[in-house]
Amino acid sequence: MTELAEHFKLDFKAAAAEEAQAAADNLRVTVLTDGLLRLEYDPEQEFDDRPTQLVWTRKLDVPNFNLVKDENKLVIETEKIKLKYLRDGRELSKDNLKIKIKANEEEWFYGKKDDQNLKGTYRTLDDVDGEVELDRGLLSKSGWTLVNDTESLVFNNTGWLEARNMSAGYQDLYFIAYGDQYQQALKDFTKITGEIPLLPRWALGNWWSRYWEYTDQDLKELMQKFENKDIPLSVCIVDMDWHRVENEYTSGWTGYSWNKKFFPEPKEFTDWLHNKGLKTALNLHPADGVQPHEDQYQKFAEYMGIDPESKKGIEFDLSKLNFINGYFKLLHNPLEDRDGVDFWWIDWQQGHDSGLEGLDPLWGLNHLHFYDLARNNDKRKFIFSRWGGLGSHRYPIGFSGDTVVSWDSLKFQPYFTATASNVLYGWWSHDIGGHFFGTEDRELYTRWLQFGVFSPIMRLHSTKDPYLDRSPWGHGADVLEIARDYMQLRHQLIPYLYTHSYRAREKSISLIRPMYYESQKEAAYRVPNQYYFGSELIAAPFLDPADEMTELSQQTVWLPEGEWFNYFNGEYYQGNKFYNIYGDLSEFPLFAKAGAVIPLAGESKFGETGNPEILERFDAVLSQSQLEALVEIIYNCGSAQIKTADFDQIVLFKGDLKEMSYNLSYAVLTENPHNPIMEMKKSAVKNYEFLDLEKLQNEKWKLSLNYTEFIKKKYSN
């Protein structure tokens, strides 16, 4: 019987200790941790201990729990939860299976829906201009999560997957209870699914990639230009034109043979990159299999038992173990061992047929490439690919897809990136600057680059369009200076980033995470455009064009309890408050908590708070927006609309003002759509509060702020 190569065979510990299990009729409960239960239901009572695509380890230290079992019921109680199952002889229902979560007194019952899930991530942002609704994640404000693993394939003794073939009605569920201890829930999940791997240190620097018909000389000159301009890089990716594109068999996306017109001496080219301290990857689209025009076709055809003279294409098929072995041994390993390719950009996007029913080809490729790269134990396991579903945290790094060049696309990425930590997928790489369409914009480019520096992976990229330029020198001298400073900072931060890669492995917490990981105040759930950047920093990228009058960008930031400092200039901020932060094109809102181990760049300077009387001097020359900006800077007050796929709201915060009120007017539609009724809500702002715009059910609304009687009298119309 054909088996997978040895390096693909994993040491699963899928069978739980017998003392951790309790069965009653058709239900088997496994106590994995004091907050994690496996609930297995099988009418045939033939329960399954095999490893699945998602769950690899169930043999854990048995937690303390109390068990009561008699002819009427099964009761299991741990420190965190209490399960009660009534042995009524019926299928699982809300009446016979319940679990109490002790941390928040919530009660779950079978079939209960969770409408408070905090979401996870999404397969790809291809063609997305703005936001998408994210898939469900592992965390919820309800304090519990149910993961259904019933449809997973299982690993067999060949080292690969097969259908589960359990009886009709079989269910394999995992119940996680955590209250508001989100990080504990994620840690428990990695105990059964695997840890987040430690990244190679070099992966945390600046990357360059572009879909472009580069020659080896083009790329050498480009890399040399980065070096001459003192802009550091650690990775140079070669997109799909590294291989022969034009052929009579395929559309050109799939390829495994160097285009010798562009790369006459591949090994000499990769050696040159390595001597410069750069790693390289080749873009990979495997969907079309191996066709007769490929250099390795004859060897692969013979390996598969196909007559090479037949010119028959070799189909991509993950159900055939000899295809999997040959796919790596004959196609990829020579390009790594002989030609010096460091890793692969697995850019699967052509379909869902893997050859093995129930297997997403992307999941299969991610899993196999991850373990093959380290087959000789001389490399750290590592891939660059698309999200393959829950459990993909085992296979970093992720490629988020071909986004549209727009402010809306940029504005979605901080929320998208931070929320992905809810499924442990913390190492997203975005097309920094945007992939295609849209309009090139020097300001947008700069803001996207700044976000890229404070994102998990910093990779400049665009499509094959001469009007799209991701080079730091392509948008003027001032942008070049800004880009250089930030890209140098990215490399200065590598020790900090690498430390958090280690922490991700050990503690199951991502580099970038939402604010509610550290605070359960309502404000922490309502600020999707900011995030923790590691344990010491909070980043809040500028995501909108600068105001035409002030020429400043603005971002609304909430800082949790404690004392915070501007990372770049040392300005002090008191926690548990909202602030409107303003900055020119060179500035980025980044805050370090008191006692942070991140050194400030240069000498710390604390800015003056200003004097409100200066406004009187500028009455005649400042516009309304300029006046408002000054007031908000001086008093740390203001408002902002915060919108995601989940909510649309306004946050109001008075900062250091003694008084602040607002007027919200909106139209209420009547039976006569041409004659709506106008309503107005007026109220004082105590500290900060939220206005839910979705409840208005109308996009026509107007908000006006009254900061103080002084400002109202002097400057309001």
Side-chain angles (χ1 to χ4, degrees), residues 124-126 199-200 202-227 231-243 245 253 255 258-259 262-263 266 269-270 272-274 276-285 335 340-349 369 382-386 396-405 409-410 413 427-437 440 445 448-449 451-453 455-474 483 486-487 490-491:
T124 177
L125 297 180
D126 281 352
L199 292 184
W202 51 261
L204 300 169
N206 298 312
W207 297 23
W208 172 266
S209 71
R210 189 185 188 190
Y211 178 26
W212 193 261
E213 294 170 327
Y214 285 117
T215 67
D216 55 358
Q217 190 59 34
D218 291 335
L219 281 169
K220 288 179 183 179
E221 291 175 359
L222 179 61
M223 296 300 101
Q224 192 64 57
K225 193 168 185 178
F226 271 95
E227 183 177 7
I231 301 173
L233 291 175
S234 64
V235 176
C236 173
I237 288 181
V238 189
D239 212 314
M240 63 165 281
D241 286 302
W242 70 271
H243 64 73
V245 172
W253 287 99
W258 286 99
N259 183 339
F262 293 163
F263 298 91
F269 169 69
T270 59
W272 186 92
L273 291 177
H274 292 156
K276 288 290 184 182
L278 299 172
K279 302 294 184 180
T280 189
L282 304 182
N283 185 276
L284 186 64
H285 294 79
L335 292 169
V341 176
D342 295 294
F343 66 105
W344 298 93
W345 179 1
I346 307 164
D347 198 2
W348 179 275
Q349 58 186 197
H369 271 278
F382 170 71
I383 62 169
F384 181 40
S385 185
R386 295 170 183 260
I397 291 168
F399 160 53
S400 65
D402 300 338
T403 49
V404 173
V405 179
S409 292
L410 170 60
Q413 288 192 355
W427 295 113
W428 270 124
S429 170
H430 305 300
D431 288 352
I432 297 302
H435 181 73
F436 58 2
F437 303 140
E440 195 75 335
Y445 170 83
W448 217 322
L449 182 144
F451 165 69
V453 168
S455 69
I457 301 296
M458 167 54 177
R459 180 179 54 88
L460 296 169
H461 180 81
S462 70
T463 190
K464 193 182 295 186
D465 184 336
Y467 295 101
L468 297 179
D469 192 346
R470 296 290 164 265
S471 62
W473 51 84
Y486 279 93
M487 293 181 73
R490 174 72 186 199
H491 276 237

Using the side chain to side chain donor-acceptor pair (under 3.5 Å) criterion, which residues pair with [X]? Sequence neighbours excluded.
X	answer
His243	none
Thr280	none
Ser234	none
Glu227	Gln224, Lys276

So, taking the atom named [atom1] in [X] and the one named [atom2] in [Y], what distance separates them when rounded to the nearest 0.5 Å?
X	Y	atom1	atom2	result
Asp347	Phe384	CG	CZ	8.5 Å
Leu410	Leu449	CG	CG	11.0 Å
Leu219	Ile237	CG	CD1	11.5 Å
Phe399	Leu125	CZ	CG	9.0 Å
Leu284	Met240	CG	CE	11.0 Å
Trp272	Cys236	CH2	SG	8.5 Å

Within the structure provided, determine whether [X] and [Y] are in side-chain contact (heavy-atom separation under 4.5 Å).
X	Y	value
Ile346	Arg386	no
Leu273	Lys220	no
Pro472	Met487	yes
Trp208	Val235	no

Those residues that, when tested against [X], pass ring-ring contact (aromatic ring centres under 6.0 Å, His included) (two or more places apart):
X	answer
Tyr486	none
Trp258	Trp242, Phe263
Phe343	Trp202, Trp207, Phe382

Give the minimum heavy-atom separation between [X] and [Y], together with the two atoms involved.
X	Y	answer
Asp431	Ser400	N-OG, 4.4 Å
Val404	Trp448	O-CH2, 3.8 Å
Ala203	Ile457	O-CD1, 3.5 Å
Ile432	Gly452	CD1-CA, 3.6 Å
Asn206	Pro232	ND2-O, 3.0 Å
Lys279	Asp342	CA-OD2, 3.4 Å

Taking side chain to side chain contact (heavy atoms under 4.5 Å, CB included) as the test, write out the residues that go with [X], two or more places apart.
X	result
Asp469	Glu440, Ser471, His475
Thr215	Gln217, Asp218, Phe262
Lys225	Lys229, Trp473

If you apply the rule side chain to side chain contact (heavy atoms under 4.5 Å, CB included), what do you find for Trp427 with Leu204, and how did you get there?
CA-CA 10 Å; Trp427 295 113; Leu204 300 169; 3.7 Å; yes
Partners passing salt bridge (Lys or Arg N to Asp or Glu O under 4.0 Å) against Asp241 (at least two apart in sequence or in another chain)
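With sequence neighbours excluded, Asp241 shows a salt bridge (Lys or Arg N to Asp or Glu O under 4.0 Å) to Lys464, given in chain and number order.
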Suppose we screen for salt bridge (Lys or Arg N to Asp or Glu O under 4.0 Å). Which residues come up paired with Arg490, at least two apart in sequence or across chains?
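Not a single residue meets the salt bridge (Lys or Arg N to Asp or Glu O under 4.0 Å) criterion with Arg490.
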Would Leu335 and Trp344 count as a side chain to side chain contact (heavy atoms under 4.5 Å, CB included) here? Give the steps.
CA-CA 10 Å; Leu335 292 169; Trp344 298 93; 3.4 Å; yes
His435 side chain vs Gly401 backbone, donor-acceptor pair below 3.5 Å
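Between the backbone of Gly401 and the side chain of His435 there is no qualifying donor-acceptor contact (under 3.5 Å).
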Between His461 (side chain only) and Ser209 (backbone N and O only), is there a donor and an acceptor less than 3.5 Å apart?
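Yes, the answer is positive, given that a donor and an acceptor are paired below the 3.5 Å cut-off.
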Side-chain donor-acceptor pair under 3.5 Å between Arg470 and Ser462, yes or no?
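No, no side-chain donor-acceptor pair sits under 3.5 Å.
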Just by distance, no angles: are the side chains of Gln413 and Trp428 close enough, under 3.5 Å, to form a donor-acceptor pair?
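No, no side-chain donor-acceptor pair sits under 3.5 Å.
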Check whether NZ of the Lys or CZ of the Arg Arg459 lies under 6.0 Å from the centre of the six-membered ring of Trp345 and within 45 degrees of that ring's axis.
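Yes, Arg459 and Trp345 form such a contact.
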Lys/Arg-Asp/Glu bridge criterion (N-O < 4.0 Å) met for Asp239, Arg210:
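No, no charged N to carboxylate O under 4.0 Å.
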Just say parallel, tilted or perpendicular for the rings of Tyr214 and Trp212, cut-offs at 30° and 60°.
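Because their plane-to-plane angle lies in the 30° to 60° range, the rings of Tyr214 and Trp212 count as tilted.
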Pair Ile397-Leu199, side chain to side chain contact (heavy atoms under 4.5 Å, CB included): steps then yes or no:
CA-CA 9 Å; Ile397 291 168; Leu199 292 184; 4.0 Å; yes
Side chain to side chain contact (heavy atoms under 4.5 Å, CB included) assessment of Asn259 paired with Val245
CA-CA 8 Å; Asn259 183 339; Val245 172; 5.8 Å; no
